[in-house]
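Accompanying notes for the structure given below.
Below, each value reflects all heavy atoms present in this structure, side chains not excepted, and no hydrogens, waters or symmetry copies.
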Amino acid sequence: MLIPFRALLSELSRPHHTLLRTQILHAFIIKTHLSRDPFYATRLVRLYAINNDLSSAHQLFDETPQRSIFLWNSIIRAYAKTHLFSDAFALFKRMLSLETSPDNFTFACILRACSEKADINGLEIVHGLGVVLGFGLDSVCCSALVSAYSKLGHLDKASRVFYGILEPDLVLWNSMISGYGCCGNWEKGMELFRKMRELGKCPDSYTVVGLSIGLTDPTLLRIGESVHGFCVKCNFGWIGHVNSVLVNMYSRLKCMDSAYKLFNSLLQPDLVTWSALITGFSQAEQHNLALDFFRKMNLEGRKPDHVLISSALAAAAQTAIVRPGCELHGYAIRHGCHSEVTVSSALIDMYAKCGYLGLGMKLFKSMPKKNIVSYNSIIACLGLYGFAAEAFKTFEEVLSEGIRPDESTFAALLGACCHSGLVDTGREYFRRMRDEFGILPKNEHYVHMVKLIGMAGELTEAFELVQSLQQPADSSIWGALLSCCNVHENYELAEVVAENLFKSKQTKNSYKVMLSNIYASDGRWDDVQKLRFDAEDLKGKIPGIAGLIV
DNA sequence: ATAGGGTTAG
């Protein structure tokens, strides 16, 4: 039987098909002998990849005699997307030895794979190869390079690529802006944003997403609001991910009022937006509200996925009461996602934070497949309980399993050192993180290091560490240093720290809160008065402020 | 004639 040619073509161009439909289409194509045509093979490879049937995709690839560059790229992308990096790289190498040479899109796929497996060496090698093959100034290749370098924290290399391009296209601008964003350098991102508009480039929704991810500090609320305003002005509200990104931004900026207001204005918030709101409430210490919203979502008939269940579990963990978490555990089992790695890791974390480290350990041991996320949660929990030695042992296990530790692993290890006051061990892990594993320290790591060094009484050293940062330190780092000054009653340094902060152009309300805490504990009420921040204005934006107003 | 793909969120 032959189905009409046009019908087949239109079926193939539909973006989604179930696996069964894909197989039926495949069968038809074999019958019509069209499967030897790389065009049809490419379509099918894509459909198989969407349905996670990579072996069928690969088989089809092998059986296609004439492989176009499209076909090569599709199969490489399919492997990279599923994080089967070694297969993707093997194909790339095979390609280099054959007559079909890679194009800019091939490079984009491979570069992204390098950044996702946190392989800076591989990234540099592929970069070099790309330049040799003539893609050094290609915008597709360069935007992939810019994002890959910035995701691994190498802003210098990313910007070198970016500024080497005379007339960047929109995607390239966006890549650099979000690159600055994900490295926490929001000021540079804003500067670029202004420059791009001066040049008459019209920003799109990716641009504002890139801008907003850099806003992580509550002192930057005003800037966040202006980003939101820009979205409204440009009418980006109908673009799905923009709303979830903004809810997430307000949550990070500790302004749950605005997050909720925005959420509430949406007709049909998607799962990501629900989860951004729930996580936001939980991180703003409103754990019960977070759990209420999880229930509300269920009542509205929305079906939470495993990420959402994990967010709810994180909220349950914060309550430090085991019952809600237990209920969620049952819920996860009923919905068949308790063995999802994100869920089991969240469960481990929840049980441990609610006082049942044993239960968490048991769960961990029973996990059939452990990945770095599950290891990270168990290491963090051991550290939290003061079992530093066990945390370190688990880290050795990670290494012997051949799993690559990530930045959270080291944050957990440094946290373990903090809890047990192991200054030298902490320094050693900090060093190994960079030298051995090529992971550049982020805010979180500096917070731990500052705490570790500062709490040991080495206030000057901690101060020097903060000053030596390439990026402007955010308030969590300064906060850590201020609390160390507080503990060691070094009010002189506390004021120097504060002064340094006030020199920066940002609004500094949260810094004032910290400083006034210190003044207050010293009984210097006049100085508290002198700070003269508008307490009412801060209500609900900075946790802990309510206590200070009273 | 058609086709792949670079920047984004929980």
Using a 4.0 Å heavy-atom cut-off, does I278(A) contact any base of the nucleic acid, only the sugar-phosphate backbone, or nothing at all? nothing
Among dA3(B), dG10(B), dG4(B), the one nearest any side-chain atom of T279(A) is dG10(B)
Within this structure, what is the OG1-CD1 distance for the pair T216(A) and I213(A), rounded to the nearest 0.5 Å? 10.5 Å
Let me have the donor-acceptor pairs involving side chains of residues 132-141 of chain A, under 3.5 Å, with sequence neighbours excluded, atom names and distances please.
| from | atom 1 | to | atom 2 | distance (Å) |
| --- | --- | --- | --- | --- |
| D138(A) | OD1 | N104(A) | ND2 | 3.1 |
| D138(A) | OD2 | N104(A) | ND2 | 3.2 |
| D138(A) | OD2 | V140(A) | N | 3.0 |
| D138(A) | OD2 | C141(A) | N | 2.9 |

What's the CG-C1' distance between L145(A) and dG5(B), to the nearest Å? 15 Å
Does any residue of residues 84-109 of chain A have a heavy atom under 4.0 Å from DNA chain B, and if so, which ones, in number order? D103(A), F105(A), A108(A)
Using 30° and 60° as the class limits, which term best fits the ring planes of F61(A) and H58(A): parallel, tilted or perpendicular? perpendicular
Nearest-Å distance, CG (D305(A)) to C1' (dG10(B))? 8 Å
Among the candidates dG10(B), dG4(B), dT7(B), find the nucleotide nearest to the side-chain atoms of L308(A). dG10(B)
Identify, residue by residue, the members of residues 132-140 of chain A with a heavy atom below 4.0 Å from DNA chain B, and return them in order of residue number, or none. S139(A), V140(A)
Do Y180(A) and S159(A) come within less than 4.5 Å of each other through their side chains, counting heavy atoms only? yes
Nearest-Å distance, CZ (R77(A)) to P (dA3(B))? 19 Å
Ranking dA3(B), dT8(B), dG6(B) by distance to the side chain of R43(A), first place goes to dA3(B)
Partner of F92(A) under ring-ring contact (aromatic ring centres under 6.0 Å, His included), picked from F85(A), W72(A), F107(A), is F107(A)
Tell me whether the rings of F281(A) and Y260(A) are parallel (<30°), tilted (30 to 60°) or perpendicular (>60°). tilted
Closest approach to the side chain of S143(A), judged atom by atom: which nucleotide of dA3(B), dG6(B), dT7(B) is it? dG6(B)
Nearest whole angstrom, please: distance from the P of dT7(B) to the CG of L192(A). 17 Å
Is there a donor and acceptor pair, one atom on the side chain of S244(A) and one on the base of dA9(B), closer than 3.5 Å? yes
Please confirm whether the backbone N or O of L246(A) pairs with a side-chain atom of N243(A), one donor and one acceptor, at under 3.5 Å? no
Nearest-angstrom distance from the residue atom CG of N248(A) to P of dT8(B): 15 Å
For S251(A) and N248(A), which I'm curious about, is there any donor-acceptor pair between the side chains at under 3.5 Å? no
Distance check needed: dG4(B) P versus L111(A) CG, whole Å only. 21 Å
Atom CG of L172(A) to atom C1' of dT8(B): distance rounded to whole Å? 16 Å
Considering only heavy side-chain atoms of R46(A), the closest of dA9(B), dT7(B), dG4(B) is dG4(B)
NA contact type, I69(A), heavy-atom cut-off 4.0 Å: base, sugar-phosphate, or nothing? base
Out of dT7(B), dG4(B), dA9(B), which nucleotide sits closest to the side chain of F70(A)? dG4(B)
Between the side chain of R112(A) and the main-chain N/O of A144(A), is any donor-acceptor distance below 3.5 Å? no
Donor-acceptor pair, distance only, cut-off 3.5 Å: does the side chain of R252(A) make one with the backbone of L215(A)? yes
Numerically ordered, the residues 324-336 of chain A set in heavy-atom contact under 4.0 Å with DNA chain B is none
How would you label the contact of V245(A) with the nucleic acid (heavy atoms, under 4.0 Å): base, sugar-phosphate, or nothing? sugar-phosphate
Do D406(A) and K151(A) meet the salt-bridge criterion of a basic N to acidic O distance under 4.0 Å? no
The side chain of S74(A) lies closest to which of these nucleotides: dG4(B), dG10(B), dG6(B)? dG4(B)
Under 4.0 angstrom, heavy atoms only, what part of the nucleic acid is N243(A) near: base, sugar-phosphate, or nothing? nothing
Are more than 12 heavy atoms, taken from residues, nucleotides or ligands other than Q66(A), located less than 6.0 Å from that residue's CD atom? no
Fit a plane to each ring of W173(A) and F162(A), take the angle between them on a 0 to 90° scale, and name the class: parallel (under 30°), tilted (30 to 60°) or perpendicular (over 60°). perpendicular
Atom CH2 of W186(A) and atom CD1 of I223(A): how far apart are they, to the nearest 0.5 Å? 3.5 Å
For W173(A) and dT8(B), what is the distance between atoms CH2 and P respectively, to the nearest whole Å? 17 Å
Could you list by number each residue of residues 194-201 of chain A showing a heavy-atom separation from DNA chain B of less than 4.0 Å, or answer none if no residue does? none
Once you apply a heavy-atom cut-off of 4.0 Å, does K151(A) come out as touching a base, just sugar-phosphate, or nothing? sugar-phosphate
Aromatic-base stack, Y206(A) on dT7(B), cutoff 5.5 Å, angle under 30: yes
Interatomic distance, CG@L347(A) vs NE2@H338(A), rounded to 0.5 Å, equals 9.5 Å
Residues in salt bridge (Lys or Arg N to Asp or Glu O under 4.0 Å) contact with R194(A), at least two apart in sequence or another chain: none
